[in-house]
2 protein chains.
Amino acid sequence: MSAGKKFEAMSGNIKKIAELAQTSKSSVSRVINNNGYVSADVRERVEKAIASINYHPNAGARTLRGSPSRLVGVLLPSLDVPFFGILAHSIEQAFFALGYQTFICSTAESQDREQAYVGMLLAQRIDGVIVASSRQEVDPFTPLRDRNIPMVAIDRPMPGLTDVCVHVDNHYGGTLLAKHLIELGHREIAIISTPRHSEPMIQRVNGACAALAEHGLKPVQIAYGNEHNLGAGRRLATKLLQKTPRPTAIIGTSDTAAIGAMHAAVDLGINVPGDLSIAGFDDIPEASYVLPRLTTVSQPTRKIGERAVHRLHQMMSGELELAVEDRLPLKLVVRQSTAKI
Amino acid sequence: MSAGKKFEAMSGNIKKIAELAQTSKSSVSRVINNNGYVSADVRERVEKAIASINYHPNAGARTLRGSPSRLVGVLLPSLDVPFFGILAHSIEQAFFALGYQTFICSTAESQDREQAYVGMLLAQRIDGVIVASSRQEVDPFTPLRDRNIPMVAIDRPMPGLTDVCVHVDNHYGGTLLAKHLIELGHREIAIISTPRHSEPMIQRVNGACAALAEHGLKPVQIAYGNEHNLGAGRRLATKLLQKTPRPTAIIGTSDTAAIGAMHAAVDLGINVPGDLSIAGFDDIPEASYVLPRLTTVSQPTRKIGERAVHRLHQMMSGELELAVEDRLPLKLVVRQSTAKI
DNA sequence: TTGTAAGCGTTATCAC
DNA sequence: GTGATAACGCTTACAA
């Protein structure tokens with residue numbers, strides 16, 4: 001029974017195709033891979049045989065012979081927050097178009113998981129990896145580097161790991177937000193930054209502080225959280241808004257944080273943007289879902305994914321040997337959540 | 001140079017480990033797989049050798065010998081809409097915990113893509129598949145069924161493909177929404193359903209209509225769209241709200257559609273819930289992001305993913321041979337977007 | 001133009 | 001306890 005089952009589940013192989021088509025394994029291989037000489041006659045018989053049992057060449061056996069696996073890995077902190085969901089989606093789609101299959105790995109900000117994933121990807125003999133690590137920690141990924149696996153850092157650079165990076169200028173984005181609020185007349189500006197140790201968030205805070213400093217200002221408070229979700233922003237803002245004097249504006253280092261702050265304001269009966277301006281970062285779809293619609297710095301999320309795929313593809317084809325840093329453009333999008341004081 | 005490169009990129013193999021540890025391939029294999037007799041001495045030498053070159057067994061070669069690949073596929077219509085993003089995430093996490101690697105495939109509602117993905121998954125010799133197809137179309141997936149690949153349908157049944165399904169009772173969910181609005185005094189109720197041909201959406205519409213019929217009512221209009229995004233709902237609602245007489249309530253068959261409708265109302269200066277009640281379906285995080293927060297039917301999205309993984313795991317271990325239909329519970333969540341007329 | 005045979009990395013079988 | 005060896009499915013010299 002076990003044997004019977006195995007047989008049923010077993011897919012045909014190249015030998016079986018050869019038998020069905022009354023030819024040899026080599027000829028079948030030649031047809032499949034479209035190389036070498038094959039007569040029209042043999043080709044037709046083989047194609048018929050392949051279709052007749054819905055045969056698919058065993059990818060593992062192929063890579064065993066030295067062909068690239070056409071498998072790639074994408075390591076992201078999570079998948080269920082909008083920004084990374086969209087990023088993962090655009091990456092997966094772009095790889096599919098190039099004939100690659102993607103392992104999307106959600107590392108949940110844990111080094112143990114990162115390490116486990118790296119091991120699995122190596123075992124699958126992936127051709128390349130796109131990586132965004134929660135922290136700048138390089139350790140879990142060094143086995144990839146040591147094997148010369150082509151790697152592209154996305155969303156944040158990974159110095160010491162790879163010299164190819166696709167991201168945005170988060171520092172500059174931070175200055176855009178601060179300047180916008182200053183122009184609107186705000187002087188008492190607070191910042192909500194979460195998750196705390198994420199490099200992009202740190203850069204955004206720094207940028208905002210730098211722009212404030214140019215006007216002789218500094219943030220009335222910088223509140224840090226640990227999670228990348230609405231609740232974190234809401235909690236931090238609730239605390240912050242109950243202090244006196246209250247800030248007249250809040251910068252969230254992500255839209256999620258900013259929207260959380262908006263909810264805190266509603267809970268406390270504070271009018272946005274009448275009594276309080278709020279701005280975010282990323283321009284996820286939800287930014288224009290909320291009412292009032294959120295002023296934010298727009299990041300070309302899909303393009304970032306696509307560019308990273310393009311770069312990795314170049315590396316895997318040996319067309320890119322040098323260090324490259326792609327900085328995609330940011331844009332301030334003014335909506336209804338910020339106003340003159 | 002090509003050869004040199006290849007060598008560099010090449011990872012060590014079991015033979016190399018055997019040399020380093022001064023033993024045979026067989027003993028190395030025994031250590032790795034923890035079966036058969038190995039002396040403590042040999043074991044230690046092998047483990048040291050493995051660590052020294054960061055060796056990872058070639059997964060493809062293993063499956064060539066007949067071991068399961070511990071690879072699974074998940075076919076979803078998309079990844080960048082919140083519901084499927086969360087579903088994909090919970091599935092991937094649950095599989096990781098079981099030692100499986102997941103191919104997340106975003107089929108973009110296209111049969112060509114579905115077919116291409118099925119071919120790729122078959123070539124990778126995946127052990128099982130979780131599938132949610134946009135339509136009830138079985139054709140692209142029959143090669144999986146023909147090979148006896150364990151399959152679980154998720155979010156919607158796939159009759160003729162698999163008898164194992166994890167979903168919710170969408171019809172019942174539809175009745176919950178209609179009853180809620182009727183209780184609030186609404187009689188002029190419109191429905192916005194998108195994407196049109198999605199089976200869950202159809203069921204939700206049917207459920208709502210059935211509940212209305214019980215009270216001698218029927219929807220003033222059912223508007224259909226084709227996309228699963230905010231814009232579709234907004235467009236449909238804008239049209240619908242400009243007719244006279246205007247409905248006093250709108251049921252969206254998804255939160256996305258409902259939030260789109262909310263934006264249409266804002267654009268037209270219609271107060272929600274004062275002049276118009278709006279309710280959605282799914283309870284994605286965004287449902288409580290919007291203001292007013294959205295009344296909706298809550299679907300246990302993460303649990304659905306986890307249960308599907310559990311079922312597939314059972315099938316792959318041969319513990320589940322029969323048909324199973326898991327229906328997870330729905331719950332009406334009343335928030336601020338619906339009110340008495 | 002076609003077929004034979006070796007070898008990719010692994011594990012199971014069997015002999016020692 | 002340990003080590004040869006064959007076999008998994010495939011591609012590629014090389015021979016015919």
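Just so it is clear: chains get the letters A, B, ... in the order the sequence lines come, proteins before strands, and each one is counted from 1.
Atom-to-atom, CD of A/Q124 to C1' of C/dG9 comes out at 14 Å; the value is rounded to the nearest Å. The separation between B/K16 atom NZ and C/dT10 atom C1' is 17 Å, rounded to whole Å. Between the CZ atom of B/R45 and the C1' atom of D/dT2 there is a distance of 11 Å, rounded to whole Å. For A/K15 and C/dA5, the NZ to P distance is 14 Å, given to the nearest whole Å. When rounded to the nearest whole Å, the span between CG of B/N33 and C1' of C/dT10 equals 9 Å. In this structure, A/N35 places its CG atom 15 Å from P of D/dC10, rounding to the nearest Å. With rounding to whole Å, A/I14 atom CD1 is found 16 Å from D/dA7 atom C1'. Rounded to whole angstrom, the span from the CG atom of B/D41 across to the P atom of D/dG3 amounts to 11 Å.
At distances below 3.5 Å, at least one donor-acceptor pair connects side-chain atoms of B/D127 with backbone N or O atoms of B/S69. Checked by atom type and distance alone, the side chain of B/R125 never pairs as donor or acceptor with a backbone atom of B/L64 at under 3.5 Å. A/T162 contributes a side-chain N or O that, together with a main-chain N or O of A/M151, makes up a donor-acceptor pair within less than 3.5 Å.
Between A/P57 and B/G36, the one whose closest nucleotide on DNA chain D sits nearer the 5' end is B/G36.
Regarding contacts with the backbone of D/dG9, a side-chain N or O of A/N13 is found under 4.0 angstrom from either OP1 or OP2. The phosphate of D/dT12 has neither OP1 nor OP2 within less than 4.0 Å of any side-chain N or O from A/Y37.
Side chain of B/L64, nearest nucleotide from C/dG9, C/dT10, D/dT2: C/dG9.
Between B/F103 and B/Y117, a ring centre-to-centre spacing not shorter than 6.0 Å is recorded.
For B/H167 and B/E325, the side-chain atoms include at least one donor-acceptor pair closer than 3.5 Å.
Each of A/V131, A/L75, A/V74, A/L79 was checked for a side-chain contact (heavy atoms from CB on, under 4.5 Å) with A/C105, and the lone residue meeting it is A/L75. In summary, of the residues considered (A/P77, A/S78, A/P195, A/S198), a side-chain contact (heavy atoms from CB on, under 4.5 Å) with A/H228 occurs for A/P195 alone.
Taking a 4.0 Å limit (strictly below) on heavy-atom distances, residues 22-31 of chain A reaches DNA chain C at A/T23, A/S24, A/S26, A/S27, A/R30.
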